[in-house]
Structures are given as C-alpha cells and as structure tokens.
Protein chains: 2
Amino acid sequence: MPVARRPTLSDVAQEVGVSAKTVSRVLNDDGPVAAETRERVMEAVQRLGFRPNLMARHMRLGKSDTAIGLVVPDMSNPFFATVVSGIESVTHGRGLTLLVGSSAQDTERERSLVGTFLARRVSALLMAPTPTADHGYLKADRSAGLPVVFLDRPGSGLTADSVLSSNRRGAHEGTTHLIRHGHRRIGFVGDTPTELYTRRTRLQGYRDALADSGLPYDRTLVVGGHDQRTAAGATERLLDLEDPPTALLAANNFASMGAVVGLARAGRRDVALVGFDDIPLAEVLEPALTVVAQDPAAMGAAAATIALARLDGDRSRARSTEIPTRLVPRGSGELRPR
Amino acid sequence: MPVARRPTLSDVAQEVGVSAKTVSRVLNDDGPVAAETRERVMEAVQRLGFRPNLMARHMRLGKSDTAIGLVVPDMSNPFFATVVSGIESVTHGRGLTLLVGSSAQDTERERSLVGTFLARRVSALLMAPTPTADHGYLKADRSAGLPVVFLDRPGSGLTADSVLSSNRRGAHEGTTHLIRHGHRRIGFVGDTPTELYTRRTRLQGYRDALADSGLPYDRTLVVGGHDQRTAAGATERLLDLEDPPTALLAANNFASMGAVVGLARAGRRDVALVGFDDIPLAEVLEPALTVVAQDPAAMGAAAATIALARLDGDRSRARSTEIPTRLVPRGSGELRPR
DNA sequence: CTGAAAGCGCTAACAA
DNA sequence: TTGTTAGCGCTTTCAG
C-alpha cells in the first residue's frame, strides 16, 4: 500500500501556483488576498485534504502549545472523571486540547507526566498532586508564566492557585449531623495513606465537631482503606470492637461504598452513616445514604477558569478557591442510636 | 515580573562552549561523546533547567506526535472513564501521551475534535463514534497509515478496527436468564437515541432471546431514556401499563440505575431486573442487581493494544474484537413472576 | 495584492 | 570525538 505523505502548505501552494505565504494568508485570514486566489487556494486545500500542521505553527509562533496538561490519581474514579468533564466544558470553547495522565498516586510517575507535559510546552498545568510530592521543581516554569492549578489537594513547595472542596467544614457538618441525632461514638472511615490531604482535613473537621460537642476523640474509631474492599473490611472491624461506634463518617466515595457494603454484610441497618462525596443510587440504598456532596464538575470548571484567567494575563496573587460542599440528608444519617 | 525565556538547546551549547549537536548527542545517547563533555553538558542542563522541546523534536523527525487522540461521548460516564484508564495503562509504558475530548454525542463536535487531533499529527485515533457520523473523511489519513480504532460502537463509512462488547450475546443471555425464571412479559429499558449501536444490538439480543423461547415481541414494552432520570420515568410508565411486564432488561448503566430508581419509587420489589453493564454497589441493592457485566478496562486496553500493533507495522486486515460480557447473578434477575 | 528569505528548536547527514 | 549545514512546516518581515 502506498503510504502517501501528508500534504503541506507548500504542496498546496505549488498546486495552485502561488507562494506558501499566500496560502497561509488565506488560511489565517491574514492580510489581503484576491478573491479569486482565495477561492483557488480553498479548492486545492479541499482537494488535497490539507490540514495545517499545528506543531509547526506553534513552533513558528514561539508560543506555548494550545493544550493544557492534567494529572489525576486515577481516571476511573468517578470523582476525577467528573472533574475532567468540568475542565473540558471550560477549555473546549477556548480551543484548548486536554492532555491527561494518571499518576496512580505515585510521585515518580506524576513527575514524569509533568515532565512530558512541560516538554510539550503546554499552556497550563492542572493537577491533583500526590501526597509526598514536592513541586519546587516547577518554580522556574511558574515564574516564566506557566499557570499551575492544584486540584482537590494543595501542592507543596510551590506557590500556585488551588481549588479545594470545603473539606473541613463539610466533615464538621456531617459529623455534627450525626451528633445531633444522638450519636456519641462515631467512627471515621478514611482513605489511605493517612498523609493524604483530604483525609487529614476531613479528619480534622470530624475532630473539631467532636470537640465542639464535648465528645472525646478515640483513635481506635479511626480506620481506613484505599479502596472499597479494604474500607468494607475496616468497617466490619469497627463493628466488632468491644465498644463499637453507633455511627460512621466515611471520608470519600470509596470509603462510603465500602462502609455501605460493610454494614450490609454485617446486617447492621441500625448504624448511622454519612458519606463524604455523593455516589450513584445513594437514594435507593436502604437506608438511603446521607452524604456531604462535593461538586467535582464545579471544581474542574473553576480550576480551568483560573488557568485561563492566568493565561489572559491575570497576575494577581495565587489564591485558594473553596468549592462548597452540601449536606444531603437522605436517611442513613438520621438513624438514632439504640 | 521578568518572564524568562525558556532555555533552548543552543543556550545549553553556548553555556558549555560546544555545538548544539553535541548537546543533542548527550541528551539522546546518540553517537560518541567524551565523558567529560557529557558531564559538563548534563551539569548545564540541570543548572539552566533545560527541557528539550518535543514539538521541535517531532517536527524535525518528520514523524507523528507521540500522542494518541481519544474521543468519547462523555468523560464523566463511569463506563468511558474506565475505558480511558484501560487505554492509559497500555499507552503509558510506551511513552505515549493521551489527548482526550468529549463529543457530547454531537457529530459536529466529534469532527472538530478529530480535526484538531489530526492537525496535531497524533499517532493514532481512538473513538466511540457518535451514531450519525460518517467517517469517510478519514479515509486519506487511514491509508496514509493512521491507525483508527472504534470503541464501543463501530464507525461508519470507514474500514477500521473496532473493539466492542458482546452486546447481542450479552443481552440474549440476560433476557434468557429472566425467561428461565418464568417471565413471559419482559420490558426493555434502552438508551436514546434509538439509532445508537449499543441500543440496537442489545435490543436485537433481547428479541432473539424472546424468539428463541417462542415469546412474542411487544413494542409497547420497549422504552428508553438518555439518562438516569428519564430511564426512571420510562420504567414507571412501563409498570403502569394495563398488562405490565414482570421483568426488565436495562440496556446500559444509566438505564439500570434508572430502572432501579423507578422500581424503588414504585415500591416494586417483585419485578425482576437485569442490567447491562455493572454498576457500583450492585450487590448491596435490595434486591441485589443481577447484571451483564462489561469489561470497560479490557476494552480500552484492547483498543490501545491494537493501535500500537498498527503503529508497529501490523498491516493485516481491519478486524473487530469482541470483549466478552459476563452474566453476574445477584438476585434481582432471579425473582419469579407472581 | 503577492513573494522571497529567514528562522522557531531540533536532529540527520556529512565533514573534519 | 566534535562541528557545520540543511531543513522539518509554518509564519514574520520586508520587498516587490
């Protein structure tokens, strides 16, 4: 099979019998071109199936690539998947292409992805950073004008914008909701590793709420898992304690689902539960799941909007944007201790 | 703030007092370089924070960009989100970057995304095509060697590889499961638009199963919705029919969730249900949801693997790969008609 | 209104 | 072991 070379600007020019610059003028509506010339050029473009090479264009213009890079821990996590679509809803209108990569919570891998994005000269960098990463290595690029926005978790070692959920307030609200319904022993099912920003902040909100109500903080009630299965196991172990909790706060979507499964397996419909981050079908579970809902699409959109503003020349101080969470009572949090 | 220009190869060369080519040699381990020169170059690279410009590299090499383009209808759909992570698990090891875009099921938007990807000279194109698109416009690029793989749905007007679920067999199996448990009136809750390949094929499997058991096909039992809410409404309307179904086959994840919600709202725990595509917490629903599980990660991985094989020179005929579905009985499909 | 030359940052081919 | 020249495809600059 003959592998045809892709036509270039000069191919089109030659075909029409004009110079490359003229074709360029037609394609970019740049400078005056005779109507007839324009038509002949367009015709040749059609006929040859010419598509301007964006790499060459970007290079010649000496600007960044019209792409933005995004690093998330895991694309298949519905939370981040929704964040991505929030980002895309904003970037699409601006003609920006989205480069994505999963860090799998691995600092080395995150760095390698970021390195690739930088080598591609992306216009901006959005990321949900891994817990142990130090982003000092981005300082030069930042001060060279590269917008960097941290998502879901703040970065470390670098002054940059960030977009976070109201984690502490949300966890406080969820815990208080349980306390108000009479619970005195409330378990915390978090994610791992424990250094994870969202885990730490939500744990803090939980502790604040306990303290505000004069309840003791009991470390044995704090467990964690890094996925649904391990969270379910951790939940079951909590229930097996000598003095078990009568209510649970689950600190993210996987922990929530794990807690639901753990409670179901133990046949415990009497244990109250509030989940952080909404999950599908929460309303048809029995009991229906009360959650502290995040707004991942809004988080993504906000991060993208900030990046675009920076690209448009916004040189104001780096700021942290908090996207509010919202308590959605559905039943599971309203159970009363026996 | 001084916006420092990013250092180039020549900057490094000048710094060290060698030619650009020497720096290039060091960075690409290409040709002999004196140990001492190498060291001095590396040192300068570090000090200046030099990162080779990938755009320039790709251009000079005259090859495609080391990126692959992916178009899906909706990133936030967990099915596609998981497909994406399947793709990424394969591409990451090969140093390929992933460009993504959502078509929102809009043919124009799909085309615009594909156009952008082509202008970027991506190495390969993966997409879940919109129902009404004609991909004939990709012929030239295909015969110029661009690997194109259709995902979840076959493309139209173009000979290219595709990766599909065993839709017809899966729907047949799910329906047969219901028939075996004594159901004679089985509703079909599909997605919309009705031209959608997955809807059509799964409907066909459903009809085949009915026919195989000598059951009549009743169009009034076939409804649809394009999201969970509308699917729930459609389910409720089915239940309100004069001669309502005693069992349902839901044709995708949103339809399943909608059916679950519709049944729950109607308080009908006696209606059997089999969903196509697994959903989270299916096992803790009451009754637990029986599904025809797809393997979206495997689909993504297969599509990426095929694209890579094509890049590696595989010139064999375009083929369609079927990723098997699997019936997972959990209870909701095992209910018997009253 | 149109074209010629130069150059973005990099590397292949050749020369020294 | 190193350097020089040329050119990937495009657009800017400056001349016609």
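Residue numbers begin at 1 in each chain, while the letters A, B, ... track the order of the sequences.
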(message) Measure CZ/R120(B) against P/dC8(D) and give the value in whole Å, please.
(response) 22 Å
(request) Using heavy atoms to find the nearest nucleotide of DNA chain D for G31(B) and R60(B) separately, return the residue whose nucleotide is more 5′. (result) G31(B)
(request) Would you tell me if any nitrogen or oxygen in the side chain of T37(B) comes within less than 4.0 Å of OP1 or OP2 on dT2(D)? (result) yes
(message) I need the CG-C1' distance between N28(A) and dT12(D), as an integer number of Å.
(response) 12 Å
(request) Starting from C1' on dG9(D), measure out to CZ on F50(A) and report it in whole angstrom. (result) 8 Å
(message) So that I can tick it off, tell me whether D314(B) and R319(B) are bridged by a salt bridge, with the cut-off set at under 4.0 angstrom between side-chain N and carboxylate O.
(response) yes
(message) Distance check needed: dC10(D) C1' versus R6(A) CZ, whole Å only.
(response) 16 Å
(request) Could you list where the contact with chain A starts and ends along DNA chain C, reading 5' to 3', using a 4.0 Å heavy-atom cut-off? (result) dC1(C) to dG9(C)
(request) Report yes or no: do S103(A) and T130(A) form a side-chain donor-acceptor pair below 3.5 Å? (result) no
(request) Return yes if a side-chain donor-acceptor contact under 3.5 Å exists between S156(A) and H135(A), otherwise no. (result) no
(message) Please report the distance, rounded to the nearest Å, between CG in L61(B) and P in dG9(D).
(response) 12 Å
(request) Rounded off to whole Å, could you give me the CG-to-C1' distance for the L54(B) and dC8(D) pair? (result) 15 Å
(message) What I want to find out is whether K21(B) reaches D30(B) closely enough, with some N-O distance under 4.0 Å, to be called a salt bridge.
(response) yes
(request) Considering only NZ, NE, NH1 and NH2 on the basic side and carboxylate oxygens on the acidic side, decide whether R6(B) and D11(B) come within less than 4.0 Å. (result) no
(request) For A56(B) and for D30(B), find the nucleotide of DNA chain C with the closest heavy atom, then tell me which residue's nucleotide is more 5'. (result) A56(B)
(message) Between R111(B) and D106(B), does any NZ, NE, NH1 or NH2 come within less than 4.0 Å of an OD or OE carboxylate oxygen?
(response) no
(request) Please state how far atom CZ in R25(A) lies from atom P in dT13(D), giving the value in whole angstrom units. (result) 13 Å
(request) Could you tell me whether the side chains of S162(B) and S320(B) share a donor-acceptor contact shorter than 3.5 Å? (result) yes
(request) Decide whether T66(A) and H58(A) meet the rule of one side-chain donor and one side-chain acceptor closer than 3.5 Å. (result) yes
(request) Answer yes if the side chains of R120(B) and T97(A) hold a donor-acceptor pair under 3.5 Å, and no otherwise. (result) yes
(message) Under 4.0 Å, heavy atom to any atom of DNA chain D: which of residues 13-23 of chain A qualify?
(response) K21(A)
(request) Starting from C1' on dT1(D), measure out to CD on E39(B) and report it in whole angstrom. (result) 16 Å
(request) Report the residue (P32(B) or M59(B)) whose heavy-atom-nearest nucleotide on DNA chain D is the more 5′ of the two. (result) P32(B)
